[in-house]
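First comes the structure, then the notes that go with it.
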Amino acid sequence: MTPEDDFAQWYQDIVKKAELAENGPVRGTMVVRPYAWRIWELMQGYLDQMFKDTGHENAYFPLLIPESYITREADHIEGFAPELWTVTKGGGRDLEEPAVIRPTSETVIGEMMSKWIQTHRDLPLLLNQWANVMRWERRPRLFLRTSEFNWQEGHTAHADRDDAMEETLRMLDVYETFAVRDMALPVVKGEKTPSERFPGAENTYTIEGMMRDGKALQSGTSHYLGTKFSEAFDIRYQSKTNERTLAHTTSWGVSTRLIGAVIMAHGDAKGLVLPPRIASHQVVFVPVMAHKEPKVSDEADRLAKELKAAGVRAHVDHRDQKPGYKFNDWELKGVPLRIEIGPRDLEAGTVTIAQRLGRDDEHGNPIKDAVAMGDLVRHVTERLATYHDFLLARATEFRDANTKQVDTWDEFVAQVKTGWASVLYDGTEATEQKIKEATSATPRCIPSDYPAEEGACFVTGAPSAFGKRVVFGRSY
RNA sequence: CGGCGUGUGGCCUAGCAUGGUAAGGCGCCUCGUUUGGGACGAGGAGAUCGCUGGUUCGAAUCCAGUCACGCCGACCA
């Protein structure tokens, strides 16, 4: 199965065959297997460090939220009501007040913030939590949309709009940096149009990645919540001039959906392709003839230890299988570098390196390079770095080749079948609706780095909105 | 939630029209031979055929309901 034949089927095959995840016993739930959870742990590591570097502290808030909290902010409840899971019993008895399982934690954290914030000296309050949330999903897909998923949610409170907006955009930048630097995923960063905003947000910002079928995946969002939740939960502080003032809040999150992004942005017919910085194993050794020549295993173990000491995630595959089986297996699992080591290598004092992607012969098989054992650590370290650059460049080329500026309806319809279209449009929901009905494309974002441009809407001819082009595409 | 489709050992599938108590491949276990691109032979384990009910002497097969999964749509940070 290749991504070109049937993208949806290909995706499911990879998730299953690469041992990433499977369905849980309750509809819409997901079991994340160790190989994928390791990827998530690595992602968490990078993100958590960046959150701390930008002054945030981790905390933990309860899974269960009083039902009444959710209803306090009008837009919020309207948006989330259809997706809530509600607990009505505890210890076999009906609860006095039903509790909802958090779909997101603005409400319960808002409630706590109102208690913790007294004066302007308590601001900004910069929090993050790593947690699971639940939303009823009508059509679950592993990693992309499941009823329960793991994520991080940042929640912050600020003295004024400017400070909160700065935070909102700062964290959006953190997400962009992470996507590019750690996932080799180029993203388009920008603001959501009003119809695509988070329920309860004044503004929503997003990073959008292009998958290999040309569809967009919303990969991270950052929201400026204004004073909506402060009003609902009474988050006020005493200002320097002794006035009781509403705080401005933000929230921002990324989830295990990012694992889906990695699969769909980099994968190919052979299977998963993992960018080195988030690869569970960066290097896998495949010993050859180890049963006849015990030194082979010893040398593999020794070299792996050297690599580990240098900070490389190396693994030695001691399984009792033939080498060819292991080659295919690790390619399916997307390991960046494979090192073959056998009697021939021992004699020559070398190992044989094959790269998962980007260094293939005319038949699509990896070109194997001999590398001196003494030079292995340096070579591998460099290879991993250039491999990352290669994946990023490849994904960027793909995205750019499938993004077009268009100015007519016909061009637009053709373009969003396979990629993204950047257009001038009037910004109305009616126009968005018309586009969606005809093409199933929706506005992905108003890119931050697009130049100012105005003109006539390509659908209605009315003056364009937002002062620049907007990217449309089909999305997950 | 609407339309279409699919549920048979861990995985893929045959059997179903014309009911008679489940077959093959892969995988798994044991032994031997093999090992630089998915090995081979011999022996072996493993399924109340998604679930519930109905029809029948008898149901994987027919009927009804239900659950799960997939695709499309609607919905969805």
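Sequence lines set the chain letters: A, B, ... in the order given, protein chains first and strands last, and positions in each chain run from 1. Only this structure's heavy atoms are used, side chains among them; waters, hydrogens and symmetry mates stay out. Note that this is a predicted model, so its numbers are computed, not measured.
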So, OP1 or OP2 of B/C71: does either fall under 4.0 Å of a side-chain N or O from A/Arg141? yes

Picking from B/G37, B/C71, B/A68, the nucleotide nearest the side-chain atoms of A/Pro366 would be B/G37

Among the candidates B/A74, B/A68, B/G37, find the nucleotide nearest to the side-chain atoms of A/Arg138. B/A74

In terms of side-chain geometry, is the basic nitrogen of A/Arg344 or A/Glu293 positioned less than 4.0 Å from the acidic oxygen of its partner? no

State, without any angle test, whether A/Thr156 and A/Thr250 hold a side-chain donor-acceptor pair at a distance under 3.5 Å. yes

Looking at B/G37, does its base get a donor-acceptor pair with the side chain of A/Asn328 below 3.5 Å? yes

Applying the Watson-Crick and G-U criteria (both distances under 3.5 angstrom) with [ ] for crossing and | for other-strand pairs, one obtains for RNA chain B ((((((((.[[[[.)....(..]]]].((((((.....)))))).....[[[[[..)....]]]]])))))))....

Salt bridge (charged side-chain N to carboxylate O under 4.0 Å, His left out) partners of A/Glu306, counting only residues at least two apart: A/Arg302

Ranking A/Gln433 and A/Asp320 by the position along RNA chain B of their nearest nucleotide, the one closer to 5' is A/Asp320

Does the side chain of A/Tyr224 pick up a donor-acceptor pair with the side chain of A/His248 at under 3.5 Å? yes

Quick one: does A/Asp345 reach the base of B/G36 with a side-chain donor-acceptor pair under 3.5 Å? yes

Among B/A74, B/C69, B/C28, the one nearest any side-chain atom of A/Gln321 is B/C28

Side-chain N or O of A/Arg139 versus OP1/OP2 of B/G70: is the shortest distance under 4.0 Å? no

N-O pairing of A/Arg170 and A/Glu166 below 4.0 Å: yes

Of all the nucleotides listed (B/G37, B/C69, B/U35), which has the minimum atom distance to the side chain of A/Asn23? B/C69

Measuring only the P atom in each nucleotide, how far is B/C69 from B/C12? A whole number of Å is fine. 15 Å

Taking B/C11 as the reference, what is the distance to B/C49 when you measure between their P atoms (whole Å, please)? 16 Å

Residues which pass salt bridge (charged side-chain N to carboxylate O under 4.0 Å, His left out) with A/Lys468, listed by chain and number, not counting sequence neighbours: none

What I want to check is whether an N or O donor and acceptor connect the side chain of A/Arg145 with the base of B/C76 at under 3.5 Å. yes

Same-atom distance (C1') from B/C62 to B/G15, integer angstrom: 16 Å

Residues A/Tyr11 and A/Leu142: closest non-hydrogen pair is OH-O, 2.8 Å

Test of understanding: with salt bridge (charged side-chain N to carboxylate O under 4.0 Å, His left out), list the residues that count as partners of A/Asp75, not counting sequence neighbours. A/Lys228

For the residue pair A/Thr204 / A/His223, report whether a side-chain donor-acceptor contact shorter than 3.5 Å exists. yes

Base, sugar-phosphate or nothing for A/Glu331? Non-hydrogen atoms, less than 4.0 Å. base

Does a nitrogen or oxygen in the side chain of A/Gln12 sit under 4.0 Å from OP1 or OP2 of B/G70? yes

Does any donor-acceptor pair link the side chain of A/Glu340 with the base of B/G37 at a separation under 3.5 Å? no

Side-chain donor/acceptor contact of A/Arg338 with base of B/G37 under 3.5 Å: yes

Base, backbone or nothing for each nucleotide of nucleotides 41-50 of chain B, written B, S, -, heavy atoms under 4.0 angstrom, 5' to 3'? ----------

Please confirm whether the shortest side-chain N or O distance from A/Lys436 to OP1 or OP2 of B/C75 is below 4.0 Å. yes

Which nucleotide, B/G37, B/G38, B/C75, lies nearest any side-chain atom of A/Tyr325? B/G38

Between B/C26 and B/C72, how far is it from one P atom to the other, in whole Å? 33 Å

Report yes or no: is there a donor-acceptor pair, N or O only, under 3.5 Å between the side chain of A/Lys322 and the base of B/G36? no

Closest-nucleotide ordering on RNA chain B, the 5'-leading residue of A/Ser475 and A/Pro323: A/Pro323

For residues A/Asp320 and A/His291, is any side-chain donor paired with an opposing acceptor at under 3.5 Å? no

With sequence neighbours excluded, what pairs up with A/Glu137 under the salt bridge (charged side-chain N to carboxylate O under 4.0 Å, His left out) test? A/Arg145

